[in-house]
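All remarks here apply to the structure that follows.
Numbering starts at 1 and runs along the sequence shown.
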Amino acid sequence: MANEFYTIKHYINGEWLQEEGTEFTPLYNPSNGEVIGEVPMGSDALAQTAIDTAAEAFKTWKNTPIAKRMAYIFKMRELMEREQEALAYSIAIDQAKHISEARGEVRRVIEILEATASVPTLLQGDTLDNIAMNINGKVVKKPLGVFGGVAPFNFPALVFGWFIPVAIATGNTFIYKPSTQSPLFLQKMIEIFMEMKLPAGVVNVIYGSRTVAAPWYEDPRVAGVCLVGSTPTAKAMAKAAGGNAKRSMLLGGAKNMLLVMEDTDMDIFIDNFINSCYGSAGQRCLAGSIIGVVPEVYDEVCERILEASKKVVVGNAMDDGVYMGPLISKAAKENVEKYVDIALEHGGGCSLLLDGRNPEVPEKDKNGFYVGPTVLKGVTPCNPVFSTEVFGPLVSIVKVADMDDALNLISSSEFGNGACIFTQNMHYAETFSREAEVGMIGVNVGICAPHPYLPFGGIKGSLIGTDKVQGKDAVDFYTQNKVVTVRTYHPDPEVRAGKAKPASSNVRSCVAS
């Protein structure tokens with residue numbers, strides 16, 4: 001199976017699809033640099049076919065009873081539970097997230113499907129009785145139509161879970177564009193769609209460049225667009241969607257700080273630091289990349305970070321004993337290495353505490369895209385590495401005067417995704433939670449990712465759009481409120497005119513009085 005060559009296919013109208021004469025882009029295994037498959041670049045015509053298919057399916061799907069729609073969600077969860085090892089394996093091959101983390105990602109999607117079971121309750125509307133004489137009002141939540149979603153390479157399962165389950169549970173249909181760098185998870189999910197007999201056209205999967213999403217903005221049948229990606233891409237999509245009165249749920253970039261106060265339990269911090277900064281090789285929107293440290297413990301934190309970072313084992317995503325796999329591509333590897341040089345050239349007291357470039361890996365993986373834990377100390381806010389989302393295992397240690405100084409640095413960032421504080425002082429914790437200008441806060445946790453019942457998303461440049469993923473926000477995004485006003489009349493005109501009383505039906509009750 002490790003030597004399998006993967007020919008990726010689109011999934012339109014409930015069927016695998018491969019266009020004649022299509023162009024392909026190579027699919028790599030980042031752990032060893034080998035080409036392991038090819039991904040089709042969908043044409044403009046196929047992009048339009050996907051819209052036509054999803055729009056036609058919506059006509060029926062929107063009227064499918066909620067209980068039946070939820071039955072498909074339950075079946076999806078059942079099959080993902082059964083296939084979770086194969087699904088995790090698919091992520092570890094082309095995304096090269098270590099297999100243990102890939103299992104965790106699949107597990108989280110199963111939890112999202114379990115949370116999606118609350119959709120029928122969240123779809124309940126409101127009524128207001130007796131607004132005026134014989135007049136009642138009600139609010140009902142209705143699906144909107146076709147939605148399009150663009151996914152990044154780094155969480156092929158999680159982003160699927162954020163977008164599709166709630167969208168289809170609420171009665172919409174979906175066109176999904178996975179990353180061409182990590183398509184294998186969706187190929188496995190398509191097998192699940194087919195086994196569970198998901199109605200044709202409810203979910204469609206198309207691969208390609210950004211041009212396959214271009215028709216979404218002009219076609220009136222497409223109600224909205226979703227993205228997890230960079231802030232520039234999110235802004236471009238928001239502009240295109242807004243210009244055509246479409247909804248947008250667009251999660252952008254991030255630059256997250258972990259703040260270490262003087263009363264921090266260092267063992268707890270270090271455990272969380274390793275996961276936050278080196279999990280997924282630092283390729284996630286909630287990765288800690290700036291470590292803010294107050295002067296009282298600055299030297300101790302630098303020593304503990306260096307000691308712990310040296311112990312992180314880098315290697316093939318499938319190998320036991322490995323903690324951190326490779327980056328997604330050669331370009332991503334070179335980008336991290338470039339920013340190490342940029343940071344050092346900037347000067348200002350910045351120095352290299354640990355150089356993770358060109359780490360030692362087994363001979364079989366020598367062509368993989370590896371960068372080990374890399375730590376800079378003495379980074380100042382004017383250093384380019386402080387404000388740039390590098391997206392890799394590159395950590396910048398920054399000395400802050402106190403918590404207020406850290407809060408000012410966080411507020412000055414164009415991003416506002418997440419921030420975490422490590423402290424045993426409730427005043428610090430509550431003040432930081434209240435004042436930090438980010439969408440997600442962590443107290444003594446390194447990854448402040450909300451559980452599936454709660455909304456996930458940042459503020460400022462980290463969220464461009466109308467709603468966040470997960471929870472009530474997602475249900476609101478995929479539905480619109482319809483208000484119905486009802487006036488009733490008595491069927492007898494004489495009674496309506498007040499000239500006669502309703503005639504007695506003279507029917508005896510069968511209930512004892």
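Applying side chain to side chain contact (heavy atoms under 4.5 Å, CB included) to Ser280 and the options Met324, Gln95, Lys97 leaves one that passes, Lys97. Here the options are Val395, Ile290, Leu376, the test is side chain to side chain contact (heavy atoms under 4.5 Å, CB included), and the partner is Val385; only Leu376 passes.
A donor-acceptor pair under 3.5 Å is absent between the side-chain atoms of Asn32 and the main chain of Asp365, judged by distance alone. A donor-acceptor pair under 3.5 Å is formed between the side chain of Trp61 and the backbone N or O of Asn172. Here the side chain of Thr22 pairs no donor or acceptor atom with the backbone of Gln18 at under 3.5 angstrom. A distance-only check finds a donor-acceptor pair linking the side chain of Ser413 to the backbone of Phe415 [under 3.5 Å]. In terms of modelled atom types and a separation under 3.5 Å, the side chain of Lys246 and the main chain of Val222 share a donor-acceptor contact. Using modelled atom types, one side-chain atom of Thr479 and one backbone atom of Val475 make a donor-acceptor pair closer than 3.5 Å. At distances below 3.5 Å, not a single donor-acceptor pair connects side-chain atoms of Asn256 with backbone N or O atoms of Asn417. Judged purely by atom type and a 3.5 angstrom limit, Gln480 has no side-chain atom pairing as donor or acceptor with the backbone of Lys141. When atom types are taken as modelled, the side chain of Ser248 and the backbone of Val225 share no donor-acceptor pair closer than 3.5 angstrom. In this structure, His98 contributes its side chain and Ala92 its backbone to no donor-acceptor pair below 3.5 Å.
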Q.
For a side-chain contact (heavy atoms from CB on, under 4.5 Å) check, start with the C-alpha distance between Ile421 and Met257, then their side-chain angles and the critical distance, and finish with the verdict.
A. CA-CA 8 Å; Ile421 185 171; Met257 178 184 289; over 6 Å; no

Q: Please step through side-chain contact (heavy atoms from CB on, under 4.5 Å) for the pair Ile441 and Cys448, ending with a clear verdict.
A: CA-CA 6 Å; Ile441 294 288; Cys448 51; 5.8 Å; no

**Q.** Test side-chain contact (heavy atoms from CB on, under 4.5 Å) applied to Cys277 and Ile291, step by step
**A.** CA-CA 10 Å; Cys277 298; Ile291 311 301; 4.0 Å; yes

Q: Check the pair Gln187 / Tyr11 against side-chain contact (heavy atoms from CB on, under 4.5 Å), numbers first and verdict last.
A: CA-CA 9 Å; Gln187 295 287 284; Tyr11 174 70; over 6 Å; no

Q) Can you check ring pair (Phe, Tyr, Trp, His ring centres under 6.0 Å) on Phe155 and Phe160, steps first, answer last? A) CA-CA 8 Å; Phe155 280 92; Phe160 158 81; over 10 Å; no

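For the pair Glu78 and Arg82, the salt-bridge criterion is not met [side-chain N within less than 4.0 Å of a carboxylate O]. Using a 4.0 Å cut-off between a side-chain N of Lys or Arg and a carboxylate O of Asp or Glu, Lys333 and Glu337 qualify as a salt bridge. Salt bridge annotation for Asp467-Arg247: absent, with no cationic side-chain nitrogen under 4.0 angstrom from a carboxylate oxygen. Using a 4.0 Å cut-off between charged nitrogen and carboxylate oxygen, Arg108 and Glu105 do not count as a salt-bridge pair. A salt bridge links Lys364 with Asp319: the closest approach of a Lys/Arg side-chain nitrogen to an acidic carboxylate oxygen falls below 4.0 angstrom.
The minimum heavy-atom distance between Ser276 and Gly288, with the atom names listed, is OG-N, 2.8 Å. Shortest non-hydrogen contact noted between Ile175 and Ala54 is CG1-CB, 4.0 Å.
Taken to the nearest 0.5 Å, the CG atom of Asp94 stands 8.5 Å off from the OH atom of Tyr6. Atom CD1 in Ile305 sits 9.0 Å away from atom CE in Met266 (nearest 0.5 Å). Expressed to the nearest 0.5 Å, how far CD of Gln181 lies from CG of Asn154 amounts to 10.0 Å. Remark: Leu227 CG to Lys177 NZ distance equals 10.0 Å, nearest 0.5 Å. Annotation: the span from Met76 atom CE to Glu195 atom CD amounts to 12.0 Å, rounded to 0.5 Å. Distance check, rounded to the nearest 0.5 Å: CZ of Phe193 to CG of Asn204 gives 10.0 Å.
Taking the centre and axis of the six-membered ring of Tyr207, the NZ or CZ atom of Lys9 falls outside the cone set by 45° and 6.0 Å.
For Thr121 and Ser118, the side-chain atoms include no donor-acceptor pair closer than 3.5 Å. Inspection of the Arg69 and Thr170 side chains reveals no N or O donor paired with an N or O acceptor under 3.5 Å. Glu56 and Asn13 are not linked by any side-chain donor-acceptor pair at a separation below 3.5 angstrom, with hydrogens and angles left out of the test.
For Tyr28, the OH atom counts as loosely surrounded, since its 6.0 Å shell holds 12 or fewer non-hydrogen atoms of other residues, nucleotides or ligands. Phe24 CZ: more than 12 foreign heavy atoms inside a 6.0 Å radius. For Arg357, the CZ atom sits in a packed shell: over 12 heavy atoms of surrounding residues, nucleotides or ligands are nearer than 6.0 Å. Under a cut-off of 6.0 angstrom, the local environment of CD in Glu81 is crowded, with over 12 non-hydrogen atoms contributed by other residues, nucleotides or ligands. For Asp320, the CG atom counts as loosely surrounded, since its 6.0 Å shell holds 12 or fewer non-hydrogen atoms of other residues, nucleotides or ligands. Within 6.0 Å of atom NZ in Lys330, 12 or fewer heavy atoms from other residues, nucleotides or ligands are found, so the atom counts as exposed in its surroundings.
Using a 30° and 60° split on the angle between ring planes, Phe163 and Tyr176 fall in the perpendicular class, above 60°. Ring planes of Phe456 and Trp162: tilted class, angle from 30 to 60°. Using cut-offs of 30° and 60° on the angle between ring planes, the pair Phe147 and Phe477 is tilted. Ring orientation note: the planes of Phe391 and Phe153 are nearly perpendicular, at an angle over 60° on the 30°/60° scale.
Counting heavy atoms from C-beta outward, Thr233 and Val150 have side chains that stay 4.5 Å or more apart. The shortest distance between side-chain heavy atoms of Tyr370 and Leu327 does not fall below 4.5 Å. In this structure, Leu250 and Leu463 have side chains that are not in contact, with every pair of non-hydrogen atoms separated by 4.5 Å or more. Within the 4.5 Å cutoff, no side-chain heavy atoms of Leu46 are placed close to those of Val212. When side chains are defined from C-beta on, Pro359 does not count as touching Val371, because their heavy atoms never get closer than 4.5 Å. Side-chain contact between Glu414 and Lys255: absent, with no pair of heavy atoms (C-beta onward) separated by less than 4.5 Å. Two residues are said to be in side-chain contact when any heavy atoms from C-beta on lie closer than 4.5 Å; Glu38 and Ile8 fail this criterion. Side-chain contact between Pro156 and Ile91 is present, with at least one heavy-atom pair separated by less than 4.5 Å.
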